[in-house]
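In what follows, a structure is listed as structure tokens, so that the remarks can point back to it.
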Amino acid sequence: MRNTIQQLLNGIFIGSIYALFGLGYTLVFGLLDVLNLAHSEVFMLGAVVAYSLVALHHVPFLLAVPLGIAAGGLLGLVIEFVALRPLRRRGAPPIAALISTIGLALILVALIEQAKRGGALSWLWRDGANDVQFPAGKVPDRIWHLAGLTLPVNKVAIVVITVALMGVLAYVMAKTPAGRAVRAVAENPRAAQLLGVNVDRVITITLVASSALAALAGILFALALNDISPYIGRDQVELRGLAVIVLGGMGSIPGTFIGGFTLGLLESITILTLGTDVRAVGFVALFVMLILRPSGLLGRPATERV
Amino acid sequence: MRTTSRIRWWGTAGVAVALFASACGSSSGTASSKGKTLKLGAVFSLTGAGGVYGPQQQQAVKLAEETINAGGGVNGANLSIQVVDDASTQTQAAQQTQTLIQQNQVVALLGPTLSNSAVAAHPIADSLKTPMLAVSTTGLNIVGTCPYPCTYIFRDSLGEAAAIPTNIKTYVAAASPKPKTGVLLYPNDDKFSVDGATAVKQTVTDPAVGIQLLDTIQFSKSDADLTQFVNQGVAKHPDVIFITSLGGIPAKIMTAARQQGFTGQFLGGNGFNSAAVSKQAGNFGKGARSASAWYLGNDFASNAEFVKAFKAKYGTDPDQFAAQAYTGVLILADAAKRAKLTYTDLAGDRQKLRTAMESTNIQTPLGPFQFTSTHDVHQTIWVIAMDGQGGFSLVTSVKPS
Amino acid sequence: MAFLTQLLFHPFTWYHAHQLLAGQMGVDGLLALSIWLTLYSGQLTLANAGFMAIGAYSSVILTGGTTSSGPAAAGVHLPLPVAMLIGVVLAAVVALLIGLPVLRLKGVFLAIATLGFGEALRFGLILNLGITGKGQGLNNPHATLTSGIMPIWLSLAILAFLAWRLTGTKTGHAWAAIREDQLAAAAQGIDVARYKMVAFVLGAMVAAFAGALGAHLSFLIDSNDYTFTQAIDMLIWAVVGGIAFVIGPIVGAVLLTILPEVLRFTQDYRQVINGVILIAIVLFRPDGLFTRRSGTGQSGWFVRRWVTVRRRWPSRRPQPAPP
């Protein structure tokens, strides 16, 4: 029984990371119909920047977090100005933007992977392809033991932060002028422009917000799982992030929230009931979901969007 | 369909220009006219998944090259080792092996870094009758019984099939009370890990060991949070947790298991033996034991000198991969010394070098080193334990039978 | 750089030292062709890495592949062409079965569902079945390193020719019509579901064939060769080459397969340059290297002069106009 509860909690912990990561993904997709595959590398770089500040430059953790998020936001600008806007300007198909974001992702991973001691980027990263973790004692690492359950404080914090951010974001999208502008652009950019919305600015701001969220997700991931490497984005969250946003319904913020926790819990429940030999439940669930309800749990009807 | 088809070539031209521009920055080494040059090649994973190991291998090879040349070379011949990156892929490993042999005309090769790449590259080297010495592959069927002819293939890296049983048996023999139960955790989508898991499963049934495996827990190397898998294992209350994996995974498992209250022993293989793993596991990994090919703290001369030189040149301690790569160069240089190479008949030289390698018997950072009749490692095995501070301590050593 | 000068001026010497690369270029060309078939009909599917695995594993198992523990995986030793045929047919059957529900999906939903198929196949079956060698991979003692290269290029030439001829037939016109506007195509009486299925199944068969050919260049096949990354690579080749013509994806595949070798002199920053070139190609040729000429672009001189921009996929809404 205790193991069951512990496992369900584990599912919620990891589910909230999936949800937080998926959130930025789905914001950009909802707006541009573009799958931004550089998103997972912003996630990675957020963690790398925070790690670098804490471990190499002795910045207090609570200051390193906002700086890491800011770095993520800057990368959002890079994505917009290098990989997305030039293509939008010439009316390129969204699939071209998919490829340009892949190109950017390749560059970001390779830069970190090749950053070694004594190299040009050694102020940022000096461990090449290795896994590192935040130095002990410099970051919160308390573990609560409650009724035989293990509750690392970092993981609990992730759930709280995710739920809070979902609430804030849902409110911003529904009730504020900025949110209305984003929805207007998502619905019809030309009409939005005629109504006086600065479309490019809305897109830029969304990219920055989305990337800042990715960086935050990366930092929390690194903290909770004790793992920072050039590959945490590409190998560990990218595919599941895709699964989450489709499961929830592309472009839907509450959907992503539910999708993230659904995937996390589904993985836990499978381990509990079917054991560890049964894998890829997430993808089987996704497959079934898409066939039964192609628009996801809370999505708009599936339209032609590539 | 109003458009008339017309193929535009200019995009291609653009790429061609880019490629051509890139063509201008190269410099190809001119063959030394001062005496002879012994040309060797090394195929390592400097980028991609194997990028954790390849760079240290490259550093060690360069160090060995400098050291040997500073000491007068190989019977006076200058040693030249070309290191290339296989990007951790099978196809590039095979291609690079072929290119080094047929274009760069190397006498022998080191590598590749990863087992998968080795299976792609070794048959090429063998079919071109060029010796290739694996310096980090620990999987099954790399030498001896290969699924392809491998008479030119050697290995100086201790296989998991030897390391893991040694570690488990050594632990059980000295433990009191004897461990009765265990749980095995490994990623099932990684060849190194699955090979290691196979070795664990075989060893625990040995009557001298007699550990009952309560559960075998598989996960994927892309699983973000291993806590869920570790919980399943810890909930069975095993005496021992076996971990056969590489990189960050062992450390993550140890951390999660200790946080869940596991108090038993961790046992593993070569995958534990890196300062990065020990550092990442920290205090949670204290006492975790593995059998390894090399131990940093060994103070016999061939190792102490290597460690000192490596530290002087690169500012960090070497790791097992570096030690094995360094040993690889020593083995090839020693064989070349004894082989009476002609430096004119390449095919003949490769043949002679292969024969000379079979009778290797030298002092290396790994200890006294010989090859078995199947070209595998014949060396002392070092049983080490993590010290909880990013290092290791020597538990015992097991001489080869 | 030695690599390029040698390729241009001493092609035979180059070939002698790069046979495996040449073989890989051919296999990648076939894979690009396989994804082109579905892209040409307006479907973004990423299932081809899975079909490639079906072809590769079937052909190795049936020709006497062995697992690490020693014995032949299936105990049968069929001739290679028969084994390949079985793999291709198996892929076609699987494509038909999953195509029935999945091809109703569109755009990125289709892409992710097919991606899900590939991952489920890998983690659900390949890594759990004894016959595939699980995570240890499957040894292929009957690999042919160099004699396989001519057949690869020959098949690529033949299949590319057939695909090119196909674009001129009723099927090809139907595909193009579906790609431009699915609703309009249906209104014209085109059986959209059937033509999409034909493209999907043909793509699966070519991918399985390429997988089988590629598998016999190697003594070990491993599930890590058939991942998400492989599926995305195929997509990159096709989009970079341009999907208006059969030749586009093939040239894209050949160029991008050779690129890492050409860039070898850049050493540590090879992957960085690789990414920069990828972005540059897409920015300058958003519709790929080979495109049709039509319409007018509103872009810079290079694009105005040499490139003509037209959206490959119908959009449900206009793009924002420049202010």
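All of these numbers come straight from a predicted model, not from anything done at the bench. A note on names: the letters A, B, ... follow the listed sequences, proteins ahead of strands, and every chain is numbered from 1. Reckoned from all heavy atoms, side chains included, excluding hydrogens, waters and symmetry mates.
Heavy atoms closer than 4.5 Å to chain A are found in the side chain of B/Thr255, but not in its backbone. Contact of A/Asn3 with chain B is made through the side chain alone, with heavy-atom distances under 4.5 Å. Only the side chain of A/Ile143 comes within contact range of chain B, judged by heavy atoms closer than 4.5 Å. If you measure heavy-atom distances from A/Val132 to chain B, the contacts under 4.5 Å come from the backbone alone. In this structure, chain A has no heavy atom under 4.5 Å from any part of B/Leu226. For B/Thr216, the part lying under 4.5 angstrom from a heavy atom of chain A is the backbone only. Looking at A/Arg2, there are no atoms closer than 4.5 Å to chain B (heavy atoms on both sides), in backbone or side chain.
Going from atom OG of B/Ser117 over to atom NZ of B/Lys191 covers 11.5 Å, rounded to the nearest 0.5 Å. One distance of note links OG1 of A/Thr162 with CZ of A/Phe257; it measures 7.5 Å at 0.5 Å rounding. Atom OG of A/Ser52 sits about 9.0 Å away from atom CD1 of A/Ile112, to the nearest 0.5 Å.
Among B/Gly248, B/Gly282, B/Gly51, B/Ser222, the residue making the largest number of heavy-atom pairs under 4.5 Å with chain A is B/Ser222. Looking only at heavy-atom pairs under 4.5 Å with chain B, the residue among A/Gln236, A/Arg234, A/His145, A/Glu267 that has the most is A/Gln236. Put simply, of A/Thr150, A/Leu149, A/Leu272, the one with the most heavy-atom pairs under 4.5 Å next to chain B is A/Thr150.
A donor-acceptor pair is defined here as one N or O able to donate and one able to accept, closer than 3.5 Å; no such pair exists between the side chain of B/Asn273 and the backbone of B/Ser290. In this structure, the side chain of A/Glu113 engages the main chain of B/Gly48 through a donor-acceptor pair within 3.5 Å. Side chain of B/Ser88 to backbone of B/Gly50: a donor-acceptor contact under 3.5 angstrom is found.
Checked against a 6.0 Å centroid threshold, the rings of B/Phe266 and B/Phe272 do not count as neighbours.
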